[in-house]
K.L.:
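My structure is below; once you've seen it, I'll send some questions.
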Amino acid sequence: MRVVITGAAGFLGSHLTDRFLADGHTVVGVDNLVTGHPDNIAHLMGEPRFSFIRHDVSTFTYVPGDVDGVLHFASPASPIDYLELPIQTLKVGSLGTHNALGLAKAKGARFLIASTSEVYGDPLEHPQRESYWGNVNPVGPRGVYDEAKRFAEAMTMAYHTYHGLDTRIVRIFNTYGPRMRPRDGRVVSNFIVQALNHEPITIYGKGNQTRSFCYVADEIEGIYRLFMNGDHQPTNIGNPTEYTVTQLAQAVVELTGSPVPIEHRELPQDDPRLRQPDITRARAMLGWEPAIDLREGLARTIAFFRGLVGTSRMAPRTPRPGGISGA
Ligand code: NAD
Ligand code: UDP
């Protein structure tokens, strides 16, 4: 297959690119590098089955030649990133999704949208099944991301029902691993970078809120199987083992061997209190479930971040001009 992956220079997009290339496919990566990094795809330069187009997919997007699949991963994804880039986030989820769908339709290609557990908002059903409609504040700070993704799902379903496009919707739950941006503000990268830099670990609120962390290799395998063998209904892909944020902090301190103190900060507005995927659908349809537990996944991720210690990528975050910083 020849597939287009938007957001290919990002954390998940670059791993997904590797997965397609490993199976003998050809990948055209499209990315404007707003939150991605060239290091994530540097190992692919010189690979004849990979090409890269630097482009903002919120504007008209054209890729020459035959295309069999379009996987739309472009979007700021960490809360701090999308708080700093609210309009770009809304645009890439709406206009960007429309352009990526239009490309798939023009080429007769299969389409997959990277949706999120954030469509469930601060959930009133736990764990979250795909049938749950969610509890989202459209005008709260997270609304720019959550509502863009909800619109993206609706648009994808409309292309399926109205145009007969072959589509997939994956709801991704908190995923971590090598190639996360050190200062992207997400909890796993924050805690590891803080521990390795001998800075205090910042727990927002009491730390009793929960997340269910999926190691990137497991997440990518689930997404790949959904693209190849799934159907058009939304599908949760995530690790159902749930941890509190405090438990995560304790695991990071232990595995890094850095006895840094814990500092409590204010809990951000509308921060979901609980999150855990029900993966019954993915298990039955795809024969998929995660294989790598939190300690193993964290050890691999810590090894990656250790390789960046002392480089400019580990330096404190500088807020984008005009943006608000979430931390
Ligand atoms: P990331 O920030 O590492 O990657 C996103 C990539 O998209 C970056 O390379 C960025 O430069 C690119 N991009 C953003 N806007 C663009 C635009 N307008 N045009 C072209 N490129 C653009 O984030 P990630 O964690 O790899 O997330 C990838 C996708 O998966 C996102 O759509 C995100 O919403 C979704 N997702 C991720 C997670 C997770 O835990 N990592 C959870 C749920 C959903
Ligand atoms: N969090 C934290 N300290 C940090 C970063 C995040 O306690 O330095 C918390 C955050 O408030 C949330 C959870 O960790 O409850 C996960 O945050 P993240 O930004 O990784 O993603 P979310 O799941 O909220 O989109």
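We count ligands from 1, going down the list as the structure has it; atoms in each ligand are counted the same way.
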K.L.:
Once you restrict to heavy atoms under 4.0 Å, what part of K149 touches ligand 1? Side chain, backbone, both or neither.
P.N.:
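Side chain only.
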K.L.:
Under a 4.5 Å cut-off applied to non-hydrogen side-chain atoms, are V193 and M314 in contact?
P.N.:
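They are in side-chain contact.
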K.L.:
Which of the numbered atoms in ligand 2 are under 4.0 angstrom from any heavy atom belonging to E118?
P.N.:
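Contacts of ligand 2 toward E118, numbered from 1: 25 (O).
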K.L.:
For atom 42 (C) of ligand 1, find the nearest protein heavy atom and state the residue, atom name and distance (0.1 Å precision).
P.N.:
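Scanning the protein heavy atoms, the shortest distance from atom 42 (C) of ligand 1 goes to I172 CG2, 3.5 Å.
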K.L.:
For ligand 2, which part of D271 has a heavy atom less than 4.0 Å away: the side chain, the backbone, both, or neither?
P.N.:
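The answer is the side chain.
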K.L.:
Select the closest option to atom 20 (O) of ligand 2 among D146, I80, V187, I262, judged by heavy-atom distance.
P.N.:
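The nearest heavy atom belongs to V187.
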K.L.:
Any idea which protein heavy atom is nearest atom 3 (O) of ligand 1, and the distance to it?
P.N.:
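Result: F11 N, 2.8 Å.
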K.L.:
Identify the residue among D39, N40, D18 that makes a side chain to side chain donor-acceptor pair (under 3.5 Å) with R179.
P.N.:
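Answer to the side chain to side chain donor-acceptor pair (under 3.5 Å) test with R179 among D39, N40, D18: D18.
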K.L.:
Does only the side chain of A8 get under 4.0 Å from ligand 1, or the backbone, or both, or neither? Count heavy atoms.
P.N.:
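Under 4.0 Å from ligand 1, A8 contributes no heavy atoms.
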K.L.:
Less than 3.5 Å between some nitrogen or oxygen of F73 and one of ligand 1, yes or no?
P.N.:
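N/O-N/O distance below 3.5 Å exists for this pair.
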K.L.:
Take the angle between the ring planes of Y224 and H25 and call it parallel below 30°, perpendicular above 60°, tilted in between.
P.N.:
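Ring orientation, 0 to 90° scale: tilted.
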K.L.:
Between the side chains of E242 and H126, is a donor N or O closer than 3.5 angstrom to an acceptor N or O?
P.N.:
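Result is yes, a qualifying pair exists.
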K.L.:
Can you tell me if S78 contacts ligand 2 (heavy atom of the residue under 4.0 Å from the ligand)?
P.N.:
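S78 does not count as a contact of ligand 2 under the 4.0 Å cut-off.
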K.L.:
Below 3.5 Å, N or O to N or O, backbone or side chain included: is there any such pair between R181 and ligand 1?
P.N.:
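No - when backbone and side-chain N and O of R181 are compared with those of ligand 1, no distance drops under 3.5 Å.
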K.L.:
First locate atom CG of L112, then atom OG1 of T167, and finally report the distance between them rounded to the nearest 0.5 Å.
P.N.:
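If we round to the nearest 0.5 Å, L112:CG and T167:OG1 are 9.0 Å apart.
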K.L.:
Answer yes if the ring centres of F213 and F173 are under 6.0 angstrom apart, and no otherwise.
P.N.:
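Not close enough - the centres of the two rings lie 6.0 Å or further apart.
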K.L.:
Check each heavy atom of H264 against ligand 2 and say whether those closer than 4.0 Å belong to the side chain, the backbone, both or neither.
P.N.:
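It is neither; nothing of H264 touches ligand 2.
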K.L.:
My understanding is that we take every heavy atom of each candidate and find the minimum distance to atom 16 (C) of ligand 2. Doing that for E266, R211, K206, which one comes out nearest?
P.N.:
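The option holding the nearest heavy atom is R211.
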K.L.:
I'd like to know if R265 contacts ligand 2, where contact means a heavy-atom distance under 4.0 Å to any ligand atom.
P.N.:
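False for this residue.
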K.L.:
With heavy atoms under 4.0 Å as the rule, classify the contact between Y145 and ligand 1 as side chain, backbone, both or neither.
P.N.:
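For Y145, only side-chain atoms sit under 4.0 Å from ligand 1.
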K.L.:
Using a 4.0 Å heavy-atom cut-off, which part of L12 comes near ligand 1: side chain, backbone, both, or neither?
P.N.:
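The part of L12 near ligand 1 is both the backbone and the side chain.
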K.L.:
Have a look at ligand 2 and work out which part of Q209, if any, has a heavy atom under 4.0 Å from it: side chain, backbone, both or neither.
P.N.:
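Within the 4.0 Å criterion, Q209 contacts ligand 2 through side-chain atoms alone.
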K.L.:
Does one side chain, of Y120 or R275, offer a donor that lies under 3.5 Å from an acceptor on the other?
P.N.:
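No - no donor-acceptor pair under 3.5 Å links their side chains.
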K.L.:
Examine V57 against ligand 1 and note whether any of their N/O atoms are separated by less than 3.5 Å.
P.N.:
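So ligand 1 has an N or O lying under 3.5 Å from an N or O of V57.
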K.L.:
Can you confirm if the aromatic rings of F227 and F20 lie within a centre distance of less than 6.0 Å?
P.N.:
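That pair passes the under 6.0 Å test.
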K.L.:
Provide, to 0.1 Å, the distance between atom 10 (C) of ligand 1 and the closest protein heavy atom, together with that atom's residue and name.
P.N.:
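Here the nearest protein heavy atom works out to T35 OG1, 3.2 Å.
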K.L.:
Who gets closest to atom 5 (C) of ligand 1 by heavy atom: A77, G36, S75?
P.N.:
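The residue whose heavy atom sits nearest atom 5 (C) of ligand 1 is S75.
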K.L.:
What atoms of ligand 2 come closer than 4.0 angstrom to any heavy atom of F191?
P.N.:
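Going through ligand 2 atom by atom, the ones under 4.0 Å from F191 are 3 (N), 4 (C), 8 (O).
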K.L.:
Would V34 count as being in polar contact with ligand 1, using the rule that some N or O on each side must be under 3.5 angstrom apart?
P.N.:
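Yes, there is a polar N/O contact under 3.5 Å.
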K.L.:
Quick one: does ligand 1 sit under 4.0 Å from the side chain of R186, the backbone, both or neither, non-hydrogen atoms only?
P.N.:
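Side chain only; the backbone of R186 stays clear of ligand 1.
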K.L.:
Within a strict 4.5 Å, meaning less than it, do heavy atoms of the F305 and P182 side chains meet?
P.N.:
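Contact flag for F305/P182 side chains = yes.
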K.L.:
Return yes if a side-chain donor-acceptor contact under 3.5 Å exists between R265 and T202, otherwise no.
P.N.:
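Per modelled atom types, R265 and T202 side chains form no pair under 3.5 Å.
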K.L.:
Quick check, are the ring centers of F111 and Y159 under 6.0 angstrom apart?
P.N.:
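No, the ring of F111 stays outside the 6.0 Å limit from the ring of Y159, centre to centre.
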K.L.:
For ligand 1, which atoms have a heavy atom of H55 less than 4.0 angstrom away?
P.N.:
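The atoms of ligand 1 under 4.0 Å from a heavy atom of H55 are 19 (N), 20 (C).
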